[in-house]
Asker: 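I have a structure I would like to understand better, so I am pasting it below and will then ask my questions one at a time.
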Protein chains: 2
Amino acid sequence: MGDLVSALEGIVGEAHVSTGSAIAEDLTHDEAITAQPVVPAAVVRPGTTEEVAAIVAAAVEHGTPLTARGSGTGLSGACIPQPDGVLVSFERMAEILELDLDNHVARVQPGVTLAQLDEATAAVGLVYPVFPGENSASLGGNVATNAGGMRAVRYGVTRHQVLGLTAVLGTGETITTGGKFVKATSGYDLTQLIIGSEGTLALATEATLRLHPRLTHGATVLIPFPGLDEVAASIPRIVGSGLMPTILEYIDFITMSAITSAQNLELGVPQEIKDAALAYLVVVLENRNDERVEEDVHELAELATELGALDLYVLPTGSGAALIDAREKAFWTAKANGADDIIDMVVPRGSIPEYLGAVQAIGADTGSLVVGCGHAGDGNVHLSVFQPDVAVRKDVVGRILRAGAALGGAVSGEHGIGTEKKAYLAQIEDPAKLDLMRRIKTSFDPAGILNPGVIFD
Amino acid sequence: MGDLVSALEGIVGEAHVSTGSAIAEDLTHDEAITAQPVVPAAVVRPGTTEEVAAIVAAAVEHGTPLTARGSGTGLSGACIPQPDGVLVSFERMAEILELDLDNHVARVQPGVTLAQLDEATAAVGLVYPVFPGENSASLGGNVATNAGGMRAVRYGVTRHQVLGLTAVLGTGETITTGGKFVKATSGYDLTQLIIGSEGTLALATEATLRLHPRLTHGATVLIPFPGLDEVAASIPRIVGSGLMPTILEYIDFITMSAITSAQNLELGVPQEIKDAALAYLVVVLENRNDERVEEDVHELAELATELGALDLYVLPTGSGAALIDAREKAFWTAKANGADDIIDMVVPRGSIPEYLGAVQAIGADTGSLVVGCGHAGDGNVHLSVFQPDVAVRKDVVGRILRAGAALGGAVSGEHGIGTEKKAYLAQIEDPAKLDLMRRIKTSFDPAGILNPGVIFD
């Protein structure tokens with residue numbers, strides 16, 4: 001390892017390599033509840049694509065695993081390094097390289113945060129529409145996990161915004177994929193393959209991102225329902241109405257109570273409605289002027305009545321934003337309340353009630369509390385599992401994931417598999433597909449040095 | 001080959017295998033102008049995924065190339081079989097398996113045509129929004145080429161609508177990818193990798209497609225401009241306005257004249273405007289009611305004036321539809337007029353004027369006529385090249401493609417590489433990426449039997 005550290009120092013300069021006690025504690029973990037911190041053999045902070053390529057070449061030579069890290073806000077352990085490995089931190093590559101107003105495109109380095117990009121795009125009337133709920137997250141991490149969030153129901157997820165990448169393969173070769181365009185059929189779509197690959201195929205050193213016109217007129221609407229069946233039945237009707245909600249979230253009554261009390265949030269829902277509401281929909285409507293927003297809200301209200309809503313509240317701007325903020329912090333609320341694991345399974349949105357019924361049965365059967373909320377329009381269900389016994393908890397999580405898979409779902413909608421869900425994926429996923437993925441990994445990373453042990457063994 | 005034919009007859013029944021003179025002429029070619037027909041050794045028409053898997057296994061055993069075919073409307077030669085190969089025709093797998101109204105999803109077999117799907121979705125108020133211009137095209141072919149078309153500026157292309165696939169790998173294994181959801185991060189996105197791979201990675205036997213609310217209120221607006229610079233400068237302004245055009249096409253004056261006279265189409269543009277207009281924008285605006293459409297048209301008109309338009313015509317419903325239809329038939333008009341090749345390069349949309357300037361210079365330099373139109377919002381430029389000398393024509397096409405690549409473009413936006421553009425791709429594309437693609441192909445198709453010689457050698 002001493003040889004490799006010297007090589008790394010030669011590439012990036014001594015100031016940008018850390019070892020031993022000089023490695024900050026923060027770099028040893030992400031935010032996954034179940035994962036253990038790991039101190040890597042070294043941390044290297046490259047400044048350019050060329051340095052990243054040289055780092056990969058040196059790691060290949062030494063057979064040393066590399067783990068890429070952006071802001072470390074991941075929830076599946078995918079940026080936790082190996083004890084004998086090197087952590088590649090992108091903190092120095094954090095520049096917005098270009099805001100191209102003709103093509104509505106941003107070119108960014110992987111360390112750029114969502115907050116940084118949001119500020120820059122707001123200044124020119126555009127928006128990068130992926131809001132996974134943590135604005136300190138980096139674009140590099142977003143690409144690695146195909147980050148989603150609440151606005152996916154309108155805009156799609158990271159996969160739908162990334163038009164191209166510069167990436168260093170596990171061979172040390174640098175490729176550029178895609179470009180400032182939304183479509184191409186010119187060979188395999190390597191951009192899409194790298195997105196969501198959690199650092200196992202390539203290290204992205206630059207991303208070309210699609211920007212959208214920023215809508216500045218909107219309303220946040222809170223709709224209590226007597227139960228989840230009514231919520232689920234509402235989803236296709238609201239989506240099918242053409243109202244194009246920017247946000248369409250369900251929040252169960254326990255989670256609603258937890259996030260509003262955690263944030264001291266008073267939404268003006270009378271007690272008798274609170275008592276009768278087992279689930280809420282939060283709908284954000286945005287349009288090009290206030291008049292259209294008002295018309296859309298009116299239409300949503302008529303639809304909600306027809307769909308069996310208990311009532312409908314158009315929240316004042318301040319508390320609307322506060323509710324969205326509280327929802328984004330739901331993970332932190334769950335963590336603070338002692339959740340033992342989290343799940344972000346995706347199922348066909350029409351299957352949400354059946355899935356949540358199965359989840360509640362599994363919870364009851366094992367004495368576990370399982371509560372949640374989710375991106376209802378996308379079928380992406382976020383669950384917090386409270387079960388202190390590790391063996392029981394693993395059984396509960398496995399059963400909850402298998403229940404979703406039986407409905408045609410996928411293990412993770414946006415958090416990724418990382419290290420923390422890979423045992424479950426191995427149980428659930430078709431072995432032929434996992435073998436194919438391993439062969440694809442080998443085609444990018446023949447030496448097997450890029451984030452080994454993440455997604456699959 | 002006799003052994004393999006017997007094996008195929010055993011799999012699908014004698015009635016569904018053809019050889020020799022029993023092979024229909026139509027199955028020997030697609031619509032690529034430059035390609036030559038090829039009669040395969042046999043044509044097989046499977047009826048189920050299981051039969052497709054058995055066909056692949058038999059082909060692996062015999063080392064025989066397989067070429068998948070939908071409706072044969074491709075423009076790059078990708079479904080032209082090999083003389084010693086077997087053509088897998090999906091004409092018997094042409095059923096819409098499900099229209100799921102809760103999840104807004106259709107499940108289709110590969111032989112289903114766009115026309116068939118459009119009729120079925122219209123009946124339930126939904127739309128599959130990919131309209132590549134040829135409604136007899138099959139969904140399987142659309143998946144293979146990542147088909148695009150005029151509505152991509154609003155809805156994206158095939159890649160953005162396909163949520164999952166059932167596909168048979170070159171190993172004979174059958175996998176299912178994705179599902180009835182728009183997002184997942186659960187291993188590599190095999191769906192996206194197969195889309196646009198032109199039959200070289202797997203044979204898709206079923207696709208899960210995203211449907212959208214069908215907008216039934218709209219207007220077609222024709223805007224003549226003095227030149228392409230004004231058109232190009234208008235694109236980001238119109239897209240950035242938030243008007244969300246469903247269609248945003250440019251048509252040069254020669255192509256406009258050709259397609260309107262081919263269809264006997266009178267659009268009511270006075271002669272003095274025609275004389276002054278070197279380029280046209282065609283904008284389709286759709287919204288949820290007529291009032292909003294009218295407001296949007298009014299706003300577009302104000303914007304167009306500001307952007308230097310010569311005038312603006314809101315076309316009556318009949319001639320609006322006829323113009324879109326004529327534009328969709330532009331390829332056939334070019335073919336009928338004797339075009340010697342076509343190009344569908346994609347460039348950053350802001351670079352369209354510079355690109356077209358380079359194209360005209362190449363045309364002038366070589367005595368070739370190059371005219372076109374394109375999906376302006378996507379930077380996808382469709383060119384017809386009139387140059388009867390084959391060697392000169394290849395030089396012209398190569399130079400036009402390199403000019404686009406120099407601007408950050410890609411060889412094909414939606415037609416694909418097939419056999420007809422692969423020599424150009426080989427000249428232009430990074431060899432490291434082509435090598436990576438070859439390794440990826442091997443991971444899907446170790447025996448190299450799936451459409452060999454397509455995309456790359």
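Model, not experiment: these values are computed from the prediction. Within every chain, numbering begins at 1; the chains are lettered A, B, ... in the order of the sequence lines, protein sequences first and strands thereafter.
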Asker: Has A/Arg349 got a side-chain atom pairing as donor or acceptor with B/Asp102's backbone, closer than 3.5 angstrom?
Answerer: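 Looks like yes, one N/O pair under 3.5 Å.
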Asker: If you check every heavy atom in residues 183-194 of chain B against those of chain A, which residues fall under 4.5 Å?
Answerer: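 Checking residues 183-194 of chain B against chain A gives B/Lys183, B/Ala184, B/Thr185, B/Ser186, B/Gly187, B/Tyr188, B/Asp189, B/Leu190, B/Gln192, B/Leu193.
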Asker: I'd like to know if the side chain of B/Lys433 and the backbone of A/Ile175 have a donor-acceptor N/O pair within less than 3.5 Å.
Answerer: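 Such a contact is absent between B/Lys433 side chain and A/Ile175 backbone.
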Asker: Which atom pair, heavy atoms only, marks the closest approach of A/Phe181 to B/Ala410?
Answerer: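 Result for this residue pair: CZ-CB, 3.8 Å.
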Asker: Where do A/Asp430 and B/Thr174 come nearest, in terms of heavy atoms and distance?
Answerer: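 Shortest heavy-atom contact: OD2-O, 4.1 Å.
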Asker: Count the heavy-atom pairs under 4.5 Å between each of B/Asn380, B/Leu126, B/Thr171, B/Leu425 and chain A, then report the option with the highest count.
Answerer: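 Option with the greatest count: B/Asn380.
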Asker: Look at atom NE2 of A/His298 and say whether more than 12 heavy atoms of other residues, nucleotides or ligands are closer to it than 6.0 Å.
Answerer: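 At most 12 heavy atoms, drawn from other residues, nucleotides or ligands, come within 6.0 Å of this atom.
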Asker: Can you establish whether the number of heavy atoms outside B/Gln427 located under 6.0 Å from its atom CD is more than 12?
Answerer: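 Buried by this count: over 12 neighbours within 6.0 Å.
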Asker: Just so I understand: if I count every heavy-atom pair under 4.5 Å between each of B/Asn146, B/Val346, B/Asn103 and chain A, which residue has the most?
Answerer: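 Heavy-atom pair counts peak at B/Asn103.
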Asker: Measuring only between side-chain heavy atoms, which start at C-beta, is A/Arg292 closer than 4.5 Å to B/Glu295?
Answerer: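 A/Arg292 reaches B/Glu295 side chain to side chain.
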Asker: Could you check whether any side-chain heavy atom of A/Arg288 comes within less than 4.5 Å of a side-chain heavy atom of B/Leu243, counting everything from C-beta outward?
Answerer: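 Yes. Closest side-chain heavy atoms under 4.5 Å.
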Asker: Do B/Ser443 and A/Leu436 touch side chain to side chain, with heavy atoms closer than 4.5 Å?
Answerer: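 In short, these two side chains touch, coming nearer than 4.5 Å.
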Asker: Considering only heavy atoms, which portion of B/Ile455 lies under 4.5 Å from any heavy atom of chain A: side chain, backbone, both, or neither?
Answerer: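 It is the side chain, since no backbone atom gets that close.
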Asker: Minimum heavy-atom separation for A/Ala432 and B/Glu173, please, with both atom names.
Answerer: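 Shortest heavy-atom contact: CB-OE2, 3.5 Å.
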Asker: Which one of A/Asp100, A/Leu101, A/Leu201 has the most heavy-atom pairs closer than 4.5 Å to chain B?
Answerer: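 Ranked by contacts with chain B, first place is A/Leu201.
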Asker: Given heavy-atom pairs under 4.5 angstrom as the criterion, report whether the side chain, backbone, both or neither of B/His212 touches chain A.
Answerer: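 Looking at B/His212, nothing touches chain A.
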Asker: Are there residues of residues 157-167 of chain A whose heavy atoms fall under 4.5 Å of chain B's heavy atoms? If so, which?
Answerer: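 Residues A/Val157, A/Arg159, A/His160 are the ones that qualify, each having a heavy atom under 4.5 Å from chain B.
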